[in-house]
2 protein chains.
Amino acid sequence: MLYWAPNGAHACRCTKRQGGGEMNMTTQDRHETEKLLTPAEVAALFRVDPKTVTRWAKAGKLTSIRTLGGHRRYRESEVRDLLGGGH
Amino acid sequence: MLYWAPNGAHACRCTKRQGGGEMNMTTQDRHETEKLLTPAEVAALFRVDPKTVTRWAKAGKLTSIRTLGGHRRYRESEVRDLLGGGH
DNA sequence: ATAGATTTGGGTAATTCGGGCG
DNA sequence: AATGTCCGAATTACCCAAATCT
């Protein structure tokens with residue numbers, strides 16, 4: 001009578017990124033191991049209306065991933081680049 | 001001692017699928033070697049609530065495999081296709 | 001067999017979508 | 001051209017207790 005748990009909870013995170021470092025990912029963001037942000041979160045970071053974030057996505061200024069229901073999700077790394085990359 | 005990996009090999013190979021080239025699999029993967037994801041894992045990838053993933057499965061938007069106890073498991077390949085394929 | 005985490009099921013708020021207007 | 005707001009409809013998030021998984 002012992003635990004039989006050959007497999008854990010699948011905490012597979014593949015290549016965990018180090019904080020702050022700017023890792024050059026593949027040209028196209030093919031890695032789905034990216035943290036995603038909701039429209040409200042991105043809007044709060046930029047201090048704009050969520051609708052404005054949606055317009056940025058529609059204009060191609062921001063990469064958007066869609067849920068199966070049509071809601072948009074945004075890549076955290078891209079947002080942080082745009083926020084901190086004030087050039 | 002019997003080692004059986006119910007949820008897949010958990011090797012986290014992170015194979016880099018190079019530009020657009022998709023494997024020539026038949027329509028569906030008939031082997032049981034397909035890695036399955038738990039609702040929480042799929043939810044984390046899409047940045048949604050696990051219950052939302054359940055709704056997608058009920059609506060037929062996502063293929064679900066049921067455990068003998070009724071819990072759902074999802075095909076990793078399908079999830080990845082939906083994440084990156086639907087630009 | 002016990003424990004802790006996860007999932008399921010329903011129900012009800014909170015977001016988001018899309019279009020159009022100012 | 002770029003934002004913010006109003007509207008209805010759709011999607012998603014959080015609440016609970018019971019069942020299932022590791």
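All of these numbers come straight from a predicted model, not from anything done at the bench. Lettering of chains follows the sequences in order, A, B, ..., and the numbering in each one begins at 1.
Residue B:Leu68 contributes atom CG, which lies 17 Å from atom P of C:dT7 at whole-angstrom precision. Between the C1' atom of D:dT22 and the CG atom of B:Leu37 lies a distance of 17 Å, rounded to the nearest Å. When the P atom of C:dA13 is taken as reference, atom CG of B:Asp49 falls 17 Å away, rounded to whole Å. Nucleotide D:dT11 holds its C1' atom 14 Å from the CZ atom of B:Phe46, rounded to whole Å. Between the CD atom of B:Glu41 and the C1' atom of D:dT22 there is a distance of 13 Å, given to the nearest Å.
The heavy-atom pair separating B:Pro39 from B:Arg72 by the smallest distance is CD-O, 3.3 Å.
A donor-acceptor contact shorter than 3.5 Å links the side chain of B:Glu78 to the backbone of B:Thr63.
Nucleotide C:dC21 forms a pair with D:dG4, judged by Watson-Crick or G-U wobble geometry with both contacts under 3.5 Å.
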Could you list, one pair per line, each protein nitrogen or oxygen that sits under 3.5 Å from a nitrogen or oxygen of nucleotides 18-22 of chain C, together with the distance?
{"from": "C:dG18", "atom 1": "OP1", "to": "A:Arg66", "atom 2": "NH1", "distance (Å)": "3.4"}
{"from": "C:dG18", "atom 1": "OP1", "to": "A:Arg66", "atom 2": "NH2", "distance (Å)": "3.4"}
{"from": "C:dG18", "atom 1": "OP2", "to": "A:Arg72", "atom 2": "NH1", "distance (Å)": "3.1"}
{"from": "C:dG18", "atom 1": "OP2", "to": "A:Arg72", "atom 2": "NH2", "distance (Å)": "2.8"}
{"from": "C:dG18", "atom 1": "N7", "to": "A:Lys51", "atom 2": "NZ", "distance (Å)": "3.0"}
{"from": "C:dG19", "atom 1": "N7", "to": "A:Lys51", "atom 2": "NZ", "distance (Å)": "3.2"}
{"from": "C:dG19", "atom 1": "O6", "to": "A:Lys51", "atom 2": "NZ", "distance (Å)": "2.7"}

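Side-chain proximity of A:Pro39 to the nucleotides C:dC17, D:dA2, C:dT15 is greatest for C:dC17. Checking D:dG4, C:dT6, D:dT22 against the side-chain heavy atoms of B:His71 singles out C:dT6 as nearest.
Sequence neighbours left out, the pairs with a member in residues 40-78 of chain B that pass ring pair (Phe, Tyr, Trp, His ring centres under 6.0 Å) are B:Phe46-B:Trp56.
Scored by the side chain to side chain contact (heavy atoms under 4.5 Å, CB included) test, A:Glu41 finds A:Leu37, A:Thr38, B:Arg47 as partners (sequence neighbours excluded).
Nucleotides of DNA chain D nearest to A:Thr67 and B:Gly69 differ in position, and the one nearer the 5' end is that of A:Thr67.
The shortest distance between the side-chain N/O atoms of B:Trp56 and the OP1/OP2 oxygens of D:dT12 is below 4.0 Å. Within the structure, every side-chain polar atom (N or O) of B:Thr52 is placed at least 4.0 Å from both OP1 and OP2 of D:dT11. B:Thr38 has a side-chain polar atom (N or O) that falls below the 4.0 Å cut-off from OP1 or OP2 of C:dT7.
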